[in-house]
Every structure is written in C-alpha cells, then in structure tokens.
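Below is one structure, written out as structure tokens; comments come after it.
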2 protein chains.
Amino acid sequence: MALMDAAARLFADQGYSATTIRDIAGAAGMLPGSVYYHFPSKTALLLEVYREGVAGLARRVDSAVAAAGGEPWARLEAAAAAHLETVLDQSAYAKVMIRVLPDDADDGAVAKELAAARDEYESRFRTLIGALALADRADARLLRLMLLGALNWTQTWYRAGGASPAAIARDFVKSVKQGVSP
Amino acid sequence: MALMDAAARLFADQGYSATTIRDIAGAAGMLPGSVYYHFPSKTALLLEVYREGVAGLARRVDSAVAAAGGEPWARLEAAAAAHLETVLDQSAYAKVMIRVLPDDADDGAVAKELAAARDEYESRFRTLIGALALADRADARLLRLMLLGALNWTQTWYRAGGASPAAIARDFVKSVKQGVSP
DNA sequence: TTTAAAACCAAACAACTGTTTGTTTTTAAC
DNA sequence: GTTAAAAACAAACAGTTGTTTGGTTTTAAA
C-alpha cells in the first residue's frame, strides 16, 4: 500500500510528530483529505504502520531462528542478525518501531497498544536468552535489555558502507558471550 | 534558569517537536512571547539545553573517571555508572541529549552542532576503551558503540525501583568484559 | 452500458504553531 | 525617589496542523 509505505518512510526518517498528513499524502501522490478515506486518524495510521513493522520483523526473526539449528548461542546470533538487517536495511516499517516511542502517539490507548506490540516481539529474546547456559552471576533480563539496546541504538549511527548489519550483530553477540578481555 | 529547566524537562519527556513554546512558557510561569526575550528561537533554546546537557554529563563523567584510579576497566565502569546515573536520575538536560536526535532541529546548521557536541562527549569513551587490553579479534569501535547504545537505550525501559543505574552500568561493563558464558 | 462502490479531489474548518510588536511591570543601582 | 535597564505582558500575525464536507473521477462487475 503506497500510503502506508510513505508513512513508514516518513515516520522512520523524521519521527511521528514532525511528520504531517500533508507530507504523507504528498509522498503517496494524493491530497491530504484523501488519506482519511483509508485511515480515520494520523494516530490510527501510525498504529497500523507500527504493527506491520512488528509483524514483519517477527516473521523474519522467527524464520532466521528456525533455520539456525539447535545451539542456543547460534539461535540468538541468528535472531540478532535478522533483527539488525531488517531494522537497518530492509524495512522502513521496522525502523518506525525503533524510532517512534509509544507515547509519541497522542492517544493514550494507542500508546499502550504500541508498547504491547513491541513487548510481544521482544519476548522472543526472553526465550532465546532463557535457553542459554549463563555464568552464575549473569542477569538474563539485563543481558536481554543490553543486547536489544545495543542493537536498536545502531539506528542512530549506522551508515551503509561499513560493517554489515549481520556482522555488527555477530560482533555484539560474541562480545557478550565470551567477553572482550584477552 | 527556570525557562531552560522547563524546556529540558519537556523536551526530555515529550520530544522536541511535540513540545510547544506555549508548553514551555506555561511550565516556566510566563507567557509565550516572553520566551523570546531570552532566546531568539525554539531551535536556539534546544541548542542551549542540549549543550548544557552535554556539558553537565561530561563534567560528572570526567570527575568519576578521575576518582576511579588507574585500572582501565575500573575507569570505564566509573564512566558508565556516572553516565547512567546522570541520564536516568539526575539531569533532565542530559536526558534531552539521548531523546532528541540532532536532525529533530529544523535548522541544519544547529543539527550539526548538536551532533558535534554529542561526538565530543563520546570521544571520552573512545579514549577509555582505547586503554583497555582487548582480545585479538575484539573491535574497539563496535565495543564503544555497543556499550553506549546499551546505556542510552535504558531510557526507554528504566523505571525507578529496580536495579540502580550504577548497578545496571556495572552489569553491562562486566558482561562485555568477561562475557556471560559459564 | 449501466451501475455502484471505491478512491480521490477541492475547499474549507477551527485549532494550534512559532514568532513579532508595542506596552507595562519589576528590579536594582544612583 | 528617580531612573534606566531587565523582564514580562497582552495581543496579534501569518502559516501550519489534523480533520471534515460534499462533489468528482476511477474502477470493475452486471
């Protein structure tokens, strides 16, 4: 859908509140009012774009994990690589999920739905990390939040041309697995 | 300054473009027009708040590192702890530096200044990590970006009452140092 | 070729945006 | 107590915001 594509790209590039309905309509080749034939409000448009982003990301990660075999660290690495490839290269929808905070939606009920969608996605990493054999003092929750934070923050510094998203993800996972000390 | 305090809090809580001059003026107890006696534009106000955030954060981190002794990992841990305490608990100004992206400023020249201010701050971590003894295949740049990303992303999930900012920072540094494998 | 739904246009709405202007109040030094 | 600068007010400005309304075109099935 051209309208959602345009909205996803603009939300990802400029953020939610800096993006106007006129921006979106123009990028989709229509007039502002026409947007309201397809979506009842700007917030509803964000919600659908966000959900599509979460769904697409989940699909890619799930399939990467399924193809990764049974070794827990390999499965986590596959998930991290798929996450980063999608968020940095493949999907403007997935970018929105990282760039737009749930409370950017002016509607409180929608904010909760955005947060819930993201939580459901991230639960995959809870499972993947739960399957790891960890050192006694390692905190699985903080490990998950550290890894996801490091992955998501790449959106602020990543530029095409350097290390590939998959290579970055592999490096991150390896670092937390083995440590960087000699 | 009450005006900058109000702006810092609102920028940190709602983001830059979702915050209006009227919001800021109201929170500071004055009328919208009065803001322009102190700052020539909304963008200029952001720039000063952002700079104050960077300066305060740099001050705290520098002093924590100086007090941490000479062991490189202890110095990095002290920097990470100071960073997180400031950003999560102490300073709305520092929060702005994390929440507001440079290109949120409508003015391109200001965006560059914001990015430059953040870069100057982060160079400290380049130095701190440069002093570490790393395993052969460890990438110092990715290590820095991973750690800063994990730290900065805490702003999206941290809630007072759980692990303290300093404890989170210590956990992150320990994880990348030693790894979490048994 | 008729028809009806889907999609879009054209134009406006009220509210809100950053900002400017001229005037008044507050502050503090003389 | 006078004075002048600093700070704030009151009111508007031009442009933009999300959204609505009623009419027109497009699409595709009958």
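Here is how names work: the chains are called A, B, and so on, in the same order as the sequence lines, proteins then strands, and each is numbered from 1. The shown structure was predicted, so the numbers you read here are calculated from the model rather than taken from an experiment.
- The distance between atom CG of A/Asp106 and atom P of D/dT17, rounded to the nearest whole Å, is 14 Å.
- B/Arg99 CZ: more than 12 foreign heavy atoms inside a 6.0 Å radius.
- In this entry the distance linking CG of A/Leu31 with P of D/dT16 reads 16 Å, nearest Å.
- Phosphate proximity of C/dC8 to A/His38: present, with a side-chain N or O under 4.0 Å from OP1 or OP2.
- Within 4.0 Å (heavy atoms only), A/Ser17 reaches no atom of the nucleic acid at all.
- If you take CG of A/Leu46 and C1' of D/dT19, they are 17 Å apart, rounded to a whole angstrom.
- Nucleotides of DNA chain D nearest to A/Gly33 and B/Gly29 differ in position, and the one nearer the 5' end is that of B/Gly29.
- Straight-line distance from the CZ atom of A/Phe39 to the P atom of D/dT20: 15 Å, rounded to whole Å.
- For A/Arg144, the CZ atom counts as densely surrounded, since its 6.0 Å shell holds more than 12 non-hydrogen atoms of other residues, nucleotides or ligands.
- Between B/Arg22 atom CZ and D/dT17 atom P the separation is 15 Å, expressed in whole Å.
- For B/Ser41, the side-chain atoms get nearest to C/dT19 when compared with the rest of D/dA10, D/dT19, C/dT19.
- For the OP1/OP2 pair of C/dC9 and a distance below 4.0 Å, the side-chain nitrogens and oxygens of A/Ser34 include at least one atom meeting the criterion.
- When heavy atoms are screened at a 4.0 angstrom cut-off, B/Thr43 is found touching no nucleic acid atom at all.
- Of the possible polar contacts, one joining the A/Thr20 side chain to the A/Asp23 backbone as a donor-acceptor pair under 3.5 Å is found.
- A/Met97 approaches A/Arg118 most closely through the heavy-atom pair O-NH2, 2.6 Å.
- Distances shorter than 4.0 Å separate some side-chain N or O of B/Tyr36 from OP1 or OP2 on C/dT19.
- Shown here for A/Phe11 and A/Val96, the closest heavy-atom pair between the two residues is CB-CG2, 3.8 Å.
- Comparing C/dC8, D/dT17, D/dC9 by their closest approach to the side chain of B/Met30 singles out D/dC9.
- Here the side chain of A/Lys42 is nearest to one of C/dT19, D/dG18, C/dC8, namely D/dG18.
- In this entry the distance linking CE of A/Met1 with C1' of C/dA6 reads 12 Å, nearest Å.
- The CG atom of B/Leu3 sits 17 Å away from the P atom of D/dA6 (whole-angstrom rounding).
- For the pair B/Tyr37 and D/dA7, the criterion of a side-chain N or O lying under 4.0 Å from OP1 or OP2 is met.
- In this structure, B/Ile21 atom CD1 and D/dC9 atom P are separated by 14 Å, rounded to whole Å.
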